[in-house]
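Step one of this worksheet: look at the structure below.
The analysis underlying the following values was restricted to heavy atoms, covering all of them including side chains, and did not include hydrogens, waters or symmetry mates. None of these values were measured; they are calculated from a predicted model.
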Amino acid sequence: MDAGRDPDRRGAESFREFVANRSSALLKTAVLLSGGDRHAGEDLLQNALIKVAGRWNKVDDPEAYVRQVLYRQQISRWRLKWPRREVSYGEVPDAPAAGDGGTASAELRIVLSAALSRLTPRQRTVLVLRYFEDLPEADVARLLGCSVGTVRSTTHRSLARLRALAPELALLGASGAEQPPSRDYSPVEVRP
């Protein structure tokens with residue numbers, strides 16, 4: 001009888017180890033998918049892990065599987081006829097004084113989080129998958145069960161809405177926060 005339980009015990013231990021090692025990264029994705037609401041993100045991740053736990057011994061790539069369950073759970077939330085709408089808004093702090101070096105990135109995160117929470121769940125999910133998870137359009141389309149063209153148009157509309165909701169993002173990016181290097185693949189200039 002112990003021989004039959006041994007694989008179950010190993011699977012349970014493997015699952016606990018996976019959750020301990022990867023839950024913080026998965027929680028970041030879940031929070032972003034939930035529009036910055038940490039509690040909703042925790043609920044989303046917990047529900048996904050509960051679904052995965054039952055199939056743990058059959059899963060080949062646990063991280064990819066859990067992420068796909070997260071995305072599918074979020075899609076299911078969109079499709080609810082009567083969605084649960086628990087929205088809480090915190091007070092955004094006053095803008096810091098000019099030259100307040102360390103707060104530019106914090107202000108950028110606050111503005112971005114507020115703007116993301118005002119997008120539709122589908123728009124937010126597409127942006128999270130494309131830019132936070134850095135997935136190609138084809139993978140996003142496969143995960144969301146739509147065409148690549150739909151992903152492209154949703155991305156375009158989502159970015160336009162994000163710019164309209166938070167025009168200060170462009171100002172913060174240009175003046176305060178350091179810009180990441182561009183992906184310019186032109187030949188490198190060699191100086192003598």
Side-chain angles (χ1 to χ4, degrees), residues 4-90 109-155 157-159 161-162 165:
R5 289 184 176 193
D6 195 42
D8 290 340
R9 195 174 302 151
R10 281 194 304 252
E13 183 60 35
S14 168
F15 180 73
R16 277 190 220 100
E17 187 176 308
F18 173 80
V19 170
N21 292 332
R22 299 301 304 152
S23 63
S24 67
L26 293 168
L27 180 60
K28 288 179 185 176
T29 300
V31 169
L32 287 171
L33 288 171
S34 301
D37 183 352
R38 183 169 176 88
H39 298 292
E42 289 171 350
D43 290 344
L44 182 64
L45 179 59
Q46 183 176 7
N47 289 337
L49 290 174
I50 288 169
K51 285 189 173 194
V52 171
R55 300 186 47 85
W56 186 254
N57 291 331
K58 300 173 186 173
V59 175
D60 293 330
D61 184 0
E63 177 109 12
Y65 189 74
V66 171
R67 287 183 184 278
Q68 185 164 11
V69 171
L70 274 174
Y71 307 141
R72 301 283 167 134
Q73 285 284 112
Q74 184 63 20
I75 290 170
S76 294
R77 285 184 177 186
W78 304 342
R79 294 181 179 156
L80 288 175
K81 186 173 182 175
W82 303 104
R84 289 187 325 166
R85 301 261 182 199
E86 290 184 28
V87 181
S88 60
Y89 295 98
R109 282 193 305 271
I110 290 169
V111 170
L112 182 61
S113 177
L116 281 173
S117 69
R118 294 178 60 200
L119 295 175
T120 67
R122 185 175 187 91
Q123 290 174 328
R124 188 171 44 249
T125 301
V126 168
L127 290 181
V128 167
L129 292 175
R130 286 285 293 131
Y131 298 107
F132 180 75
E133 294 290 330
D134 201 26
L135 293 177
E137 291 167 340
D139 290 351
V140 174
R142 183 181 48 77
L143 282 170
L144 299 180
C146 62
S147 70
V148 173
T150 301
V151 171
R152 287 180 184 154
S153 63
T154 303
T155 302
R157 289 185 190 116
S158 303
L159 288 173
R161 180 156 163 82
L162 195 62
L165 289 171

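For the pair Pro62 and Asp60, the tightest heavy-atom approach, listed with the atom from each and the gap, is CD-O, 3.5 Å. Taking each heavy atom of Leu162 and Ala115 in turn, the nearest pair found is CD1-CB, 3.5 Å. Taking every heavy atom of both residues into account, Gln123 and Thr154 meet most closely at CA-CG2, 4.3 Å. The two residues Ala30 and Leu70 have their closest heavy-atom pair at CB-CD2, 4.1 Å. Residue Arg124 comes nearest to Ser117 through the heavy atom pair NH1-O, 3.7 Å, listed as atom of the first residue, atom of the second, then distance.
More than 12 heavy atoms of other residues, nucleotides or ligands shown are found within 6.0 angstrom of CZ on Arg72.
A donor-acceptor distance shorter than 3.5 angstrom exists from the side chain of Thr155 to the backbone of Val151, with no hydrogens or angles considered.
We find the CD-CZ distance between Glu133 and Arg67 to be 4.0 Å, quoted to the nearest 0.5 Å. The line from CZ of Arg130 to CZ of Arg152 is 9.0 Å long, rounded to the nearest 0.5 Å. The structure places OG of Ser113 at 12.0 Å from CZ of Arg118, a figure rounded to the nearest 0.5 Å. Leu33 contributes atom CG, which lies 6.5 Å from atom CG of Leu129 (distance to the nearest 0.5 angstrom). In this structure, the separation between CD on Gln73 and CG on Leu49 is 10.5 Å, given to the nearest 0.5 Å. Between atom OH of residue Tyr71 and atom CG of residue Leu44 there is a gap of 10.5 Å, rounded to the nearest 0.5 Å.
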Practice prompt. Take Glu13 and Arg16 through the salt bridge (charged side-chain N to carboxylate O under 4.0 Å, His left out) test and state the conclusion after the steps.
Written response: CA-CA 5 Å; Glu13 183 60 35; Arg16 277 190 220 100; 3.2 Å; yes

For residues 139-150, which side-chain N or O atoms pair as donor and acceptor with protein atoms under 3.5 Å away, sequence neighbours left out?
unit_1	atom_1	unit_2	atom_2	d
Ser147	OG	Thr150	N	3.1
Ser147	OG	Thr150	OG1	2.9

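Annotation: ring-ring contact (aromatic ring centres under 6.0 Å, His included) contacts involving residues 20-50, sequence neighbours excluded, are absent.
In this structure the side chain of Glu63 reaches within 4.5 angstrom of the side chain of Leu26, judged on heavy atoms. Contact of the Arg38 side chain with the Glu42 side chain is registered, since non-hydrogen atoms from C-beta on lie closer than 4.5 Å. Contact annotation: the side chain of Ile75 never approaches that of Thr125 to less than 4.5 Å [non-hydrogen atoms, C-beta and beyond].
In terms of the ring-ring contact (aromatic ring centres under 6.0 Å, His included) criterion, residue partners of Phe15 (sequence neighbours excluded) are, by chain and number, Trp56.
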